[in-house]
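Heads up: the structure comes next, in structure tokens.
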Amino acid sequence: MTIRLYNTLTRKKEAIKPFLDDSVSMYVCGPTVYGHPHIGNARAAIVPDILYRLLMAKHDSVKYIRNITDVDDKIIDAAKKEGLSIDKITSKYTKIYRDNMDRLSNLRPTHEPKVTDTISKIISSIEKIIKNGNAYVKDSHVLFDTDSFKGYGELSGKKLEEMLDGVRIDNASYKKSFKDFILWKPSEDDTPGWESPWGKGRPGWHIECTSMIKDILGDDTTLDIHGGGNDLIFPHHENEIAQGSCISKEKYCNHWFHNGIVLVNKKKMSKSLGNVILLDDLFKDNSTSVIRLALLSAHYRQPLNWSDQTIIYARNLYKKLLSVISMVDAKARPLDDADSHTKEIQDILSDDLNTPEAINYLSRLSKTARNDFEARVKLIHSMKFIGLSPINEKTVKIFSDTEEIEQIEALVKKRNEYRIKKDFKNADVVRDKLLSMGIELEDSDGDTTWNYLQD
RNA sequence: GGCUAAGUGGCAGAGUGGUAAUGCAGCGGCCUGCAAAGCCGUCAACGCCGGUUCGAUUCCGACCUUAGCCUCCA
């Protein structure tokens, strides 16, 4: 089944048709590294990660680019606040970001460019735009001349002149039109800057993404897929199309996809509302598969309303999935023929990344899997396909600790001895003791199984 | 104010011109020393108003509501 994905540009689901024969390129707007990642950042990484896994299953070669923005005014502020140099701040939070994304089972992108490594390409891109007559220099700033680009507003559907009323816009003196945006701006001595034809300065927001794409793919290539949070549609992606189209003979990008934002109490997370949920905090109480499952529970284009329920549902569901997979199953089966076992889930996901339906599928599969080894193998591979661990993380961690296992099994045995003697009081004491050790028991068919408590 | 998206049972979400999948939760039962799990069964929904139609949740129009964007944002 071919992958069909909603295209923001055409407002339709469309098949992905790569510009090059069987090599697909995807660019996703990555983080600005100045603070701890929150669940919104996680969603913005997990959604393209699912797409990346699907693309890899269907195409010989996939270029997956996700940038690291390490030049930005917010970083400068954070550096001041934390009393660290800008380098320290960006390397610290880059590391944390990568670590957090790894923990959530996101595959690493094939390319992870930094803005600071792309400055010369940014400068040459800007020069090209100026040369083509689509940008102008004023007071040490370089500005994109939006009136010179006829397609402006196509992605977001905005006609800027018509939405002026009710909005106050400070038209900076160096702008010809309020719509124009900055490609390059001057830097003071104490802010990061690079020498350029327009003096010491740094790139404006927007140009870095375009430059990194062109740097990796080449100027006259069309990017196949570009993604990001839907709060980036305007102005960021709109501006990227404008400037990118002025650099190249080819269309800038064919397929745009945008994930919905995460809401907390039906409101967008924001520092001012104090409702930002950091991954670091979630990691304390939840396994990473549970967090991932929670973030995949709503369709990617819908807003995801985060509540206590969200994580509780995910936890219950994950527990149920794990309960039908024995450790032996999970360890025994190699991933060799994973593809044949994941056809169903791939087909489900191929329809615009329908992760809720994929999760339903796992849930249905777990029913038959209980008494069906093949279904269990399918379940394991399907879970792995969307990045869920088929083994309880704690179990994996302690699996090699035979001493602890012997101790647990001795207690289980002891409890069953009490049970045979109908001494349920003492049996319950032992069960409580195991519970306090984080062990959960289940009696079924005369057999007692134990498991580490999830989370 | 403008733009975009969306409104289906408690939640997540399919779907169709002839009254609506599935999963989770709930409820009832079986099982069980208890608990848990499992199994069986079950309740419950198409924002509002018009129009087209034999008939609309599905098509058209108005309205209402929600969220996002228009300022940094994933």
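Letters A, B, ... are given to chains in the order of the sequence lines, protein chains preceding strands, and every chain is numbered from 1.
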Point to revise | Asp190(A) atom CG, neighbour heavy-atom count above 12 within 6.0 Å | key: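 Yes, enclosed.
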Less than 3.5 Å between a donor and an acceptor, one on the side chain of [X] and one on the base of [N], is that the case here?
| X | N | value |
| --- | --- | --- |
| Asn360(A) | rG13(B) | no |
| Lys158(A) | rC69(B) | yes |
| Arg431(A) | rA35(B) | yes |

Does a donor on one side chain sit under 3.5 Å from an acceptor on the other, for [X] and [Y]?
| X | Y | answer |
| --- | --- | --- |
| Asp351(A) | Asn354(A) | no |
| Asp352(A) | Tyr300(A) | yes |
| Asn67(A) | Thr69(A) | yes |
| Arg103(A) | Asn100(A) | no |
| Arg301(A) | Asn230(A) | no |
| Thr32(A) | Asp72(A) | no |

Figure out the [atom1]/[atom2] separation between [X] and [N], and round it to whole Å.
| X | N | atom1 | atom2 | value |
| --- | --- | --- | --- | --- |
| His299(A) | rA5(B) | NE2 | C1' | 12 Å |
| Leu263(A) | rA6(B) | CG | P | 16 Å |
| Leu441(A) | rC34(B) | CG | P | 16 Å |
| Ile348(A) | rG23(B) | CD1 | P | 13 Å |
| Asp351(A) | rU22(B) | CG | C1' | 15 Å |
| Asp352(A) | rA5(B) | CG | P | 14 Å |
| Asp347(A) | rU22(B) | CG | C1' | 17 Å |
| Leu295(A) | rA74(B) | CG | P | 16 Å |

By the 4.0 Å heavy-atom rule, please label [X] as base, sugar-phosphate, or nothing.
| X | answer |
| --- | --- |
| Lys74(A) | sugar-phosphate |
| Val47(A) | nothing |
| Glu357(A) | base |
| Leu232(A) | sugar-phosphate |
| Pro303(A) | nothing |
| Asp73(A) | nothing |
| Arg419(A) | base |
| Gly40(A) | base |

Gap in Å between the two [atom1] atoms, one belonging to [N] and one to [M], rounded:
| N | M | atom1 | value |
| --- | --- | --- | --- |
| rC49(B) | rG13(B) | C1' | 27 Å |
| rG2(B) | rU8(B) | C1' | 30 Å |
| rC70(B) | rG10(B) | P | 34 Å |
| rA56(B) | rA20(B) | P | 15 Å |
| rA25(B) | rG18(B) | P | 32 Å |
| rG17(B) | rC60(B) | P | 13 Å |
| rU65(B) | rG23(B) | C1' | 28 Å |
| rG55(B) | rU19(B) | C1' | 11 Å |

Which base sits across from [N] as a Watson-Crick or G-U pair, both distances under 3.5 Å?
| N | answer |
| --- | --- |
| rA67(B) | rU4(B) |
| rA56(B) | none |
| rC39(B) | rG29(B) |
| rU22(B) | rA12(B) |
| rG17(B) | none |
| rC49(B) | rG61(B) |

**Study point:** Ser363(A) side chain near rC24(B) phosphate (N/O to OP1/OP2, under 4.0 Å)
**Key:**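 Yes, within the criterion.
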Point to revise | Presence of Lys268(A) side-chain N/O under 4.0 Å of rC69(B) phosphate oxygens OP1/OP2 | key: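 Yes, Lys268(A) has a side-chain N/O under 4.0 Å of OP1/OP2 on rC69(B).
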Of all the nucleotides listed ([options]), which has the minimum atom distance to the side chain of [X]?
| X | options | result |
| --- | --- | --- |
| Tyr313(A) | rC69(B), rC24(B), rA74(B) | rC24(B) |
| Phe234(A) | rC70(B), rA74(B), rA5(B) | rC70(B) |
| Ala298(A) | rG33(B), rC72(B), rA12(B) | rA12(B) |
| Lys367(A) | rA74(B), rG13(B), rG23(B) | rG23(B) |
| Glu442(A) | rA36(B), rG38(B), rA74(B) | rA36(B) |
| Asp428(A) | rG13(B), rG38(B), rG33(B) | rG33(B) |
| Arg370(A) | rA74(B), rA12(B), rG38(B) | rG38(B) |
| Pro356(A) | rA12(B), rA14(B), rC34(B) | rA12(B) |
| Gln302(A) | rA67(B), rG13(B), rG23(B) | rG13(B) |

Check your understanding: Mind checking whether His237(A) and His226(A) have parallel, tilted or perpendicular rings, split at 30° and 60°?
Key ->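 Rings of His237(A) and His226(A): perpendicular, over 60°.
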Practice item. Classify the angle between the aromatic ring planes of Phe144(A) and Phe181(A) as parallel (below 30°), tilted (30 to 60°) or perpendicular (above 60°). Key: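 Correct class here is parallel.
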Point to revise | RNA chain B: 5'-proximal contact among Thr32(A) and Arg364(A) (nearest heavy atom) | key: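 Nearer the 5' end of the strand: Arg364(A).
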Exercise for review: Specify the residue among Asn305(A) and Ala44(A) whose closest nucleotide of RNA chain B lies further upstream toward the 5′ end.
Suggested key: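 The answer here is Asn305(A).
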